[in-house]
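Below: the structure, in structure tokens.
Because the structure is predicted, anything quoted here is derived from the model rather than measured.
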Amino acid sequence: MKSAVKVFAFMLLMSQGSVTKLNAQASEMQLDRARRDMAIHWPAAYDPSVAPVFSHNELLIHADCHRTFARLADATAWPSWLVIVKDVSNETPQKTGEGALYRLKIFNSPIQSRIVEFEADRRISWIPFGADETETRHGHYHAWRFVPQAGNCLVTTEETGVGPGDRKDPASGSHLMHKAHELWLDSLRYVSEP
């Protein structure tokens with residue numbers, strides 16, 4: 001009997017930990033939504049107010065926006081400074097801005113991303129989609145904004161997820177996206193700052 005009570009108590013504690021973790025992740029997403037950058041352009045289908053998954057991250061980088069933007073816009077160089085990305089190729093070598101299509105692996109998952117907004121030194125956005133070339137399979141929109149601040153650059157990145165997988169566990173998906181973007185921003189700072 002005592003062992004059954006111990007097992008029950010252990011399971012109860014573990015479930016409490018899971019509930020606490022889920023609540024923390026949901027709170028993180030709510031905070032991200034409250035900090036949303038209203039100057040980011042969103043296609044209606046990806047608007048953060050209707051997307052189940054949303055992440056907001058920002059970081060002041062001690063380099064000008066021209067230098068910082070150039071580092072991010074050179075997607076083929078990402079594997080040299082961003083550990084979650086590898087095997088980047090530009091499938092439209094004649095294009096590097098809006099309309100450019102890249103194949104890459106993020107967390108070892110193959111995706112394609114098409115740049116849908118490009119304003120040098122100011123903003124860049126892309127829609128990643130799966131290897132089957134359907135946007136809805138992945139259902140994400142990833143936007144970046146660069147704001148000059150006294151010789152530095154405030155970089156904001158936001159991403160929404162509206163795909164089928166995003167509806168299953170939005171809080172966890174937002175949390176993982178938030179953590180990946182923290183790494184992305186820290187890595188961008190590392191290669192941008194003199």
Side-chain angles (χ1 to χ4, degrees), residues 21 24-43 46-49 51-86 88 96-98 100 102 104-109 111 113-128 138 140-162 166 170-194:
K21 182 179 175 184
Q25 290 172 349
S27 295
E28 179 182 60
M29 187 169 48
Q30 288 173 344
L31 180 61
D32 279 358
R33 286 187 195 281
R35 297 174 62 213
R36 175 181 167 192
D37 184 339
M38 299 308 280
I40 287 181
H41 305 148
W42 294 98
Y46 297 98
D47 188 285
S49 62
V53 169
F54 176 72
S55 175
H56 166 96
N57 297 75
E58 62 184 55
L59 183 66
L60 183 66
I61 295 179
H62 300 290
D64 64 51
C65 286
H66 175 75
R67 177 183 176 94
T68 306
F69 183 91
R71 296 295 188 270
L72 184 69
D74 184 6
T76 57
W78 291 353
S80 69
W81 56 267
L82 185 58
V83 299
I84 63 173
V85 174
K86 65 182 185 177
V88 179
T96 55
E98 192 169 325
Y102 293 89
L104 62 149
K105 289 182 181 174
I106 296 183
F107 292 114
N108 220 21
S109 295
I111 64 165
S113 286
R114 182 169 309 280
I115 296 176
V116 294
E117 181 181 36
F118 187 95
E119 183 183 337
D121 303 341
R122 298 285 181 210
R123 54 180 81 234
I124 186 170
S125 301
W126 54 78
I127 295 176
H138 195 66
H140 282 230
Y141 189 88
H142 195 165
W144 295 76
R145 196 163 86 92
F146 299 75
V147 179
Q149 294 200 342
N152 300 313
C153 189
L154 178 63
V155 181
T156 300
T157 184
E158 295 183 348
E159 187 170 352
T160 58
V162 299
D166 299 307
S172 180
S174 294
H175 173 72
L176 294 172
M177 196 178 335
H178 187 91
K179 291 300 181 190
H181 292 172
E182 281 180 358
L183 174 63
W184 207 322
L185 283 169
D186 285 338
S187 299
L188 181 60
R189 174 174 52 191
Y190 178 77
V191 297
S192 298
E193 291 183 351

List the residues meeting ring pair (Phe, Tyr, Trp, His ring centres under 6.0 Å) with [X], not counting sequence neighbours, and say none if there are none.
| X | answer |
| --- | --- |
| His142 | Trp126, Trp144, His181, Trp184 |
| Phe54 | none |
| Tyr102 | none |

Are any non-hydrogen side-chain atoms of [X] and [Y] less than 4.5 angstrom apart?
| X | Y | answer |
| --- | --- | --- |
| Ser125 | Ile115 | no |
| Val155 | Leu185 | yes |
| Ile61 | Leu59 | yes |
| Val162 | Tyr141 | no |
| Val83 | Leu183 | yes |
| Trp78 | Leu72 | yes |

Spell out, as yes or no, whether a donor-acceptor pair under 3.5 Å connects the side chain of [X] to the backbone of [Y].
| X | Y | result |
| --- | --- | --- |
| Arg71 | Tyr190 | no |
| Glu193 | His62 | yes |
| Arg36 | His56 | no |
| Glu158 | Asp37 | yes |
| Trp81 | Leu188 | no |
| Asp32 | Ser55 | no |
| Thr68 | Ser192 | no |

Between atom [atom1] of [X] and atom [atom2] of [Y], what is the distance when rounded to the nearest 0.5 Å?
| X | Y | atom1 | atom2 | result |
| --- | --- | --- | --- | --- |
| Ser80 | Lys86 | OG | NZ | 15.0 Å |
| Arg122 | Arg145 | CZ | CZ | 9.0 Å |
| Met177 | Asn57 | CE | CG | 9.5 Å |
| Ile106 | Leu82 | CD1 | CG | 8.0 Å |
| Thr157 | Phe146 | OG1 | CZ | 8.0 Å |
| Glu117 | Ile124 | CD | CD1 | 9.0 Å |

Considering all heavy atoms of both residues, which atom of [X] and which atom of [Y] are nearest to each other, and what is their separation?
| X | Y | answer |
| --- | --- | --- |
| Val116 | Glu98 | O-CD, 3.5 Å |
| Ala51 | Thr160 | CB-CB, 3.6 Å |
| Pro128 | Ile111 | CB-CD1, 3.8 Å |

Check your understanding: Do other residues, nucleotides or ligands put more than 12 heavy atoms under 6.0 Å from Arg189 CZ?
Key ->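 Check passes, neighbour count above 12.
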
